[in-house]
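Heavy atoms only: backbone and side chains are in, while hydrogens, waters and symmetry mates are out. Everything numeric here is computed off the predicted structure, so don't read it as measured data.
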Amino acid sequence: MANTDDDRRPKYQRIADSLREAIQSGEYGPGDRLPGENELMAAHGVARMTARQALSVLRDEGVAEARKGAGVFVRAFRPLRRRGIQRLSEQQWGSGRSIWSADIENRALEVDQVTVSEEAAPDRISAVLDLAEEETVCVRRRRFVLEGKPVLLATSYLPTSVVAGSAITQEDTGPGGTYARLAELGYKPVHFREEIRSRMPSKDEAAQLSMSSGTPVILICRTAFADEGRPVEINEMTLDAASYILEYDFDA
């Protein structure tokens with residue numbers, strides 16, 4: 001009898017698939033400990049390295065996490081659903097709500113690291129914002145933590161000539177955030193463009209986001225435009241890919 005495609009897969013992959021199916025069926029729930037290497041070796045008749053590889057697959061996918069000295073557990077963190085269109089509507093920030101409130105529902109989101117500075121604009125930023133030579137930018141760097149888990153690093157660049165003296169140059173920008181303040185300054189965002197890429201994180205990014213080994217990051221670069229196509233902000237975001245679902249809901 002000919003082997004099926006499943007039979008030809010490496011043993012560690014088949015074990016990982018069976019564990020994943022058990023998680024999806026509810027046999028193992030969030031926070032539950034998965035079978036350890038010794039248990040997998042006995043149950044499947046494989047070497048320790050094969051059992052270790054199977055568990056590594058689930059960790060790399062963000063399905064499970066290792067706890068030192070305790071074993072491998074089903075990840076309890078529920079991914080954040082980022083609603084890419086609704087969150088940027090004027091109805092959201094124009095009414096004084098944070099754009100993040102469209103994503104988090106009733107969950108606890110904290111910005112635990114905020115720095116604001118005036119800096120020389122990197123060439124890539126200067127080119128998109130169409131800045132004059134030597135013109136500086138206001139740079140806002142933040143780390144977002146959801147239910148104790150770092151999920152996002154964000155760096156915004158805005159022309160100093162536009163935001164000088166406003167609340168945008170302070171750590172707390174007030175109700176509605178940066179976009180509401182830009183509107184008050186006469187630069188209301190009327191159009192957004194987002195570019196999305198993915199790669200493996202740098203060592204610093206992985207540390208700041210407390211990421212599991214093998215997990216990629218999602219890179220989103222958003223440009224906000226005011227009337228007449230004037231770019232007024234660039235926001236470069238680094239997301240833990242295992243912590244996010246990107247949702248885009250729009251009419252045909």
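The number of heavy-atom neighbours closer than 6.0 Å to CG of Asp123, taken from other residues, nucleotides and ligands shown, is 12 or below. More than 12 non-hydrogen atoms from other residues, nucleotides or ligands lie less than 6.0 angstrom from OH of Tyr248. Annotation: Met200, atom CE; neighbour count of heavy atoms from other residues, nucleotides and ligands within 6.0 Å is above 12. Environment of NZ in Lys188: sparse, with no more than 12 heavy atoms of neighbouring residues, nucleotides or ligands closer than 6.0 Å.
Note on Val151 and Ile196: same hydrophobic cluster, where clusters join Ile, Leu, Val, Met, Phe, Trp and Tyr whose side-chain heavy atoms are under 4.5 Å apart, directly or indirectly. Note on Ile85 and Tyr179: same hydrophobic cluster, where clusters join Ile, Leu, Val, Met, Phe, Trp and Tyr whose side-chain heavy atoms are under 4.5 Å apart, directly or indirectly. Hydrophobic clustering places Val128 together with Val137 (ILVMFWY residues linked when any side-chain heavy atoms are closer than 4.5 Å, directly or through intermediates). Val114 and Leu158 fall within the same hydrophobic cluster, defined by Ile, Leu, Val, Met, Phe, Trp and Tyr side-chain heavy atoms under 4.5 Å apart, directly or through other members. When the side chains of ILVMFWY residues are joined at heavy-atom separations under 4.5 Å, either directly or via intervening members, Leu58 and Met211 end up in two distinct hydrophobic clusters.
None of Thr215, Leu146, Ile218, Val217 except one satisfies the side-chain contact (heavy atoms from CB on, under 4.5 Å) rule with Asp240; the exception is Thr215.
Residues Glu233 and Cys138 form no side-chain contact, since every pair of their non-hydrogen atoms from C-beta on lies 4.5 Å or further apart. Looking at heavy atoms from C-beta onward, Met41 lies in side-chain contact with Asn38 at the 4.5 angstrom threshold. Between Gln113 and Gln208 there is a side-chain heavy-atom pair separated by less than 4.5 Å. Looking at Tyr12 and Val46, their side chains never come closer than 4.5 Å, going by heavy atoms from C-beta outward. Inter-residue side-chain proximity for Pro231 and Arg193 is flagged as unmet; no heavy-atom pair is nearer than 4.5 Å. Under the 4.5 Å side-chain criterion, counting only non-hydrogen atoms from C-beta, Arg124 is not in contact with Ile234. Side-chain contact between Gln24 and Val63: absent, with no pair of heavy atoms (C-beta onward) separated by less than 4.5 Å. Considering only heavy atoms from C-beta on, Gln92 stays 4.5 Å or farther from Arg83 through its side chain.
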Would you sort out whether Val162 and Leu182 count as a side-chain contact (heavy atoms from CB on, under 4.5 Å), showing the intermediate values? CA-CA 8 Å; Val162 169; Leu182 283 170; 4.0 Å; yes
Please test Leu109 against Leu80 for side-chain contact (heavy atoms from CB on, under 4.5 Å), starting from the C-alpha separation and ending with a verdict. CA-CA 11 Å; Leu109 179 72; Leu80 183 65; 5.6 Å; no
For Leu246 and Leu239, what are the C-alpha separation, side-chain angles and deciding distance, and is it a side-chain contact (heavy atoms from CB on, under 4.5 Å)? CA-CA 11 Å; Leu246 305 186; Leu239 293 67; 4.2 Å; yes
Step-by-step side-chain hydrogen bond (donor to acceptor under 3.5 Å, both in side chains) determination, Ser117 to Glu119: CA-CA 6 Å; Ser117 58; Glu119 302 176 18; 2.6 Å; yes
Can you check side-chain contact (heavy atoms from CB on, under 4.5 Å) on Asp227 and Val190, steps first, answer last? CA-CA 6 Å; Asp227 284 332; Val190 296; 3.6 Å; yes
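Checking Glu135 against Ser161 by side-chain atom types alone, a donor-acceptor pair falls below 3.5 Å. Using modelled atom types and a 3.5 Å distance limit, the side chains of Arg181 and Thr178 yield no donor-acceptor pair.
For the atom pair Leu19 CG and Tyr28 OH, the distance stands at 6.5 Å (nearest 0.5 Å). Here the CZ-CD distance, from Arg107 to Glu147, works out to 4.0 Å after rounding to the nearest 0.5 Å. In this structure, CG on Leu55 lies 11.0 Å from OG1 on Thr50, to the nearest 0.5 angstrom. Rounding to the nearest 0.5 Å places CD of Gln53 at 12.0 Å from NZ of Lys11. Taken from OG in Ser156 to CE in Met237, the straight-line distance is 7.5 Å, to the nearest 0.5 Å. One distance of note links CZ of Phe192 with CG of Leu88; it measures 5.0 Å at 0.5 Å rounding.
The closest donor-acceptor contact from the side chain of Arg33 to the backbone of Gly71 lies at 3.5 Å or more, if one exists at all. Remark: the backbone N or O of Ile168 is paired with a side-chain donor or acceptor of Arg140 at under 3.5 angstrom. The backbone N or O of Leu219 sits nowhere less than 3.5 Å from a side-chain atom of Thr238 that would complete a donor-acceptor pair. Listed for the Thr136 side chain is no donor-acceptor partner under 3.5 Å among the backbone atoms of Glu118. At least one donor-acceptor pair under 3.5 Å links the side chain of Glu39 to the backbone N or O of Gly36.
Scanning both residues, Ser56 and Arg59, for their nearest heavy atoms gives OG-NH2, 3.0 Å. Residue Gly29 comes nearest to Val74 through the heavy atom pair O-CB, 3.3 Å, listed as atom of the first residue, atom of the second, then distance. Scanning both residues, Ser210 and Pro150, for their nearest heavy atoms gives OG-CG, 3.9 Å. Of all heavy-atom pairs spanning Thr169 and Val116, the tightest one is O-CG1, 3.4 Å. The two residues Ser126 and Ala121 come nearest to each other via the heavy atoms CB-CB, 4.1 Å. Here the closest heavy-atom approach between residue Pro159 and residue Val232 is recorded as CD-O, 3.3 Å.
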